[in-house]
Protein chains: 2
Amino acid sequence: MTTIKDIAEAANVSLATVSRVINDGPKVGPKTRAHVKAVMEEMGYRPNINARALVTKKNTSLGLVLAELMDPFFATYADAIETVARHANTQLLMSAGSVQAETELKAIETLLNHRVKAMVVHAKFLDDETLISLASQAPGFVLINRYIDAIKHRCVWLDNVAGGRMMAEQVLKLGHRHIAVISSDFTIEDRTEREQGIRESLAQWGIELTDSQIVHASPNQQGGESAMRQLIASGARFTAVLAYNDAMASGAINVLSDHKFAVPDDVSVMGFDDVILAQYCRPQLTTLHYPIAEMASQAAALALDYAQGKALPTNTTYKYLPTFVSRNSVAKIKL
Amino acid sequence: MTTIKDIAEAANVSLATVSRVINDGPKVGPKTRAHVKAVMEEMGYRPNINARALVTKKNTSLGLVLAELMDPFFATYADAIETVARHANTQLLMSAGSVQAETELKAIETLLNHRVKAMVVHAKFLDDETLISLASQAPGFVLINRYIDAIKHRCVWLDNVAGGRMMAEQVLKLGHRHIAVISSDFTIEDRTEREQGIRESLAQWGIELTDSQIVHASPNQQGGESAMRQLIASGARFTAVLAYNDAMASGAINVLSDHKFAVPDDVSVMGFDDVILAQYCRPQLTTLHYPIAEMASQAAALALDYAQGKALPTNTTYKYLPTFVSRNSVAKIKL
DNA sequence: TTGTATGCGTTATCAC
DNA sequence: GTGATAACGCATACAA
């Protein structure tokens, strides 16, 4: 690899001069500048970003922690961040944290070791304390999809309790009174918060969610299928099903179809997230739109701002709400 | 950020010693080693990867160029590479190349500037020459989904002509003789190669693909819809439709349904790629499985091998074939 | 306008 | 075993 030194020699100028033309430095003669540029071009010079970062103490990359790329939810998330990064002329350094505290920690630490200027972190399994400590080590550390009070101004999150309430209210308004819930078996807050919201809304209508009407499984299509099978086998009575996400809703619909239940005529099924699948599957899913793209953009912009040292209000937080998307998997109750 | 120097002072030892305990160097007294480790822990030391890379001339990250993360095809691709990277204890530096030569070039150059030790590149719009030149600048440069003869030992690609033939043969075997093609309007090789394969197979059966039976549109669901509308409006006669990818197939099916054509009873529709959508949509898509995950793993492993200086045969290439996946969107022709 | 010298944080090559 | 010290490639304060 040709260095700044090589081209300095070849161009018969000093290191400093070359450095100046590279960085469009202020005082360089137009002639030498042209000459140096020509030599650089000829020798195929490429700046060494690492060396530059070392001396300027400014890394140009934005860190990103996510669970896994395959999940369309995370794909949307990553894509939004990538877009912000590209427009800000910064590179994306990505670390997958999987679904364990240990790997999440490793993912974040790696980014820290790389001295990324900013990072957007999706971490569901690490505890609050660890995250707070980690956040204090990077100026541009922003948490997404999680709220921690001590660093709330660095949190971009969704109000899951409200989301749970919205789901329940929608089917209640349509006359449903027998409601089942298909939830995730990951013990993360999202799940408990949404369930809590659902219970709150039901309670307002004097309805209780009994144990036989809620079942937990893996938050994917297979999980949705097995959950629905379990629900049917248990003899639970329901006209509406609230799923933890679209994949589970889709799985549930498959099993309902197999059992000759028409969706939404016999049973309504509501999803969550509004990933692309919601539009592709049949019937198209009525669901709650998780504004992950907007949230990710916000988080990336925020992280970049903090990294840049911009002083932002520390007493606010970045809370988002899902929005209801009406498609074809939920209907009024039959009389 | 605390540096190696800080902890050397705090521990009353030299820089060298600290460096040794960090790298599990050979000759350090067990007592000093423990002491230094304690100090490091206490002061929260983090190695600066950039500085390390500068002196060792060994970057620990693997570069990745792709078009866009949202596309499930690329998500699968990125996910497979991420998995390899994680197991090799290397970080992923990602650059999106979008769908233009200019941005593709920028994406690759950025990675080069970062001195990534290896990189897997998906580039469809840059010309061969440029790519060959770029490849020569990075030891671990591997191209995916593209074949260039001059660097064939660094190419991991799919035989699209064979893919096209497979599609045609499948429906021909099922008795279809009136075949329409819905293809991409991106002028990349994949498209022309697959069309070529289709034409070859049809020709063997004495069938010609007339201009009215092939239509081009954006390679997504909307494109599939508009293409199918165009096909129907033109009055073309067909009992089987070969789509450029699953998304287009899905769009085509939607429009067929709207026009009261049953799939596959009235019209068979075949996809390509076998992305997750193929299983989710109804009817589930009969399609050609693009082994992108395997190919990506292969490419990443190859890139890492080359980066490591491993001498691999330079006269072979890494060619893959799609595999037929029979689901519910293709059927025998009705008599 | 250009050149010299210093340091960024780390590893590695010497001595001791 | 341990400690100086010279790189690595680059930016920049200071001289010239």
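By convention in this document, chain letters (A, B, ...) are assigned in the order of the sequence lines, proteins followed by strands, and residues within each chain are numbered from 1.
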(Q) By the 4.0 Å heavy-atom rule, please label S19(B) as base, sugar-phosphate, or nothing. (A) base

Q. Separation of I49(A) atom CD1 from dC8(D) atom C1', in whole Å?
A. 16 Å

Q: Look at the side chain of A16(A) and decide which nucleotide, out of dG9(D), dT12(D), dT2(D), has an atom nearest to it.
A: dT12(D)

Q. Given atom CD1 of I22(A) and atom C1' of dC10(D), what is their separation to the nearest angstrom?
A. 8 Å

Q. So what does T56(A) touch, heavy atoms closer than 4.0 Å: a base, only the sugar-phosphate, or nothing?
A. sugar-phosphate

Q) Counting N and O atoms only, with roles assigned by atom type, does the side chain of R115(B) sit under 3.5 Å from a partner on the main chain of N50(A), one being a donor and the other an acceptor? A) no

Q: Rounded to the nearest angstrom, tell me the gap between atom CD in E9(A) and atom P in dC10(D).
A: 13 Å

(Q) Under 4.0 Å, heavy atoms only, any strand: does R46(B) hit a base, just the sugar-phosphate, or nothing? (A) sugar-phosphate

Q: State which of dG3(D), dT10(C), dC10(D) makes the closest approach to the side chain of R20(B).
A: dG3(D)

(Q) Using a 4.0 Å heavy-atom cut-off, does K57(A) contact any base of the nucleic acid, only the sugar-phosphate backbone, or nothing at all? (A) sugar-phosphate

Q: In whole angstrom, give the distance that lies between atom CG of L54(B) and atom C1' of dG9(D).
A: 5 Å

Q | Euclidean distance, atom CG of residue N48(B) to atom P of dG9(C) [Å, nearest integer] | A | 7 Å

Q. Choosing from dT2(C), dC10(D), dT10(C), which nucleotide comes nearest the side chain of Y45(B)?
A. dT10(C)

**Q.** S14(B) side-chain proximity, nearest of dT10(C), dG3(D), dA11(D)
**A.** dG3(D)

**Q.** Any donor-acceptor N/O pair, T103(A) side chain to G97(A) backbone, under 3.5 Å
**A.** yes

**Q.** N/O (side chain, T3(A)) to phosphate O (OP1/OP2, dC8(D)) under 4.0 Å
**A.** no

**Q.** Between dG7(C) (C1') and L15(B) (CG): distance, integer Å
**A.** 13 Å

(Q) Both V28(B) and R115(B) contact DNA chain D. Taking the nearest nucleotide for each, which residue is further toward the 5' end? (A) V28(B)

Q: Describe the nucleic acid contact of V13(A) in one word from base, sugar-phosphate, nothing, applying a heavy-atom distance below 4.0 Å.
A: sugar-phosphate

**Q.** M40(A) CE - dG9(D) P separation (whole Å)
**A.** 17 Å

Q.
Regarding N23(A), tell me which of base, sugar-phosphate or nothing describes its non-hydrogen contacts under 4.0 Å with the strands shown.
A. sugar-phosphate

Q: Pick base, sugar-phosphate or nothing for K5(B), based on heavy-atom distances below 4.0 Å to the nucleic acid.
A: nothing

Q.
For a quick test of reading the model, state the closest non-hydrogen atom pair linking K152(B) to N315(B) and the distance between them.
A. CE-O, 3.8 Å

Q. At their closest point, which heavy atom of D79(B) faces which heavy atom of L69(A), and how far apart are they?
A. OD1-N, 3.4 Å

Q) Is the side chain of K319(B) donor-acceptor paired with the backbone N or O of Y147(B) at a distance under 3.5 Å, no angle test? A) no

Q. Just by distance, do the side chain of R146(B) and the backbone of A123(B) share a donor-acceptor pair under 3.5 Å?
A. yes

Q: Please report, rounded to the nearest Å, how far the P atom of dC8(D) is from the CZ atom of R52(B).
A: 19 Å

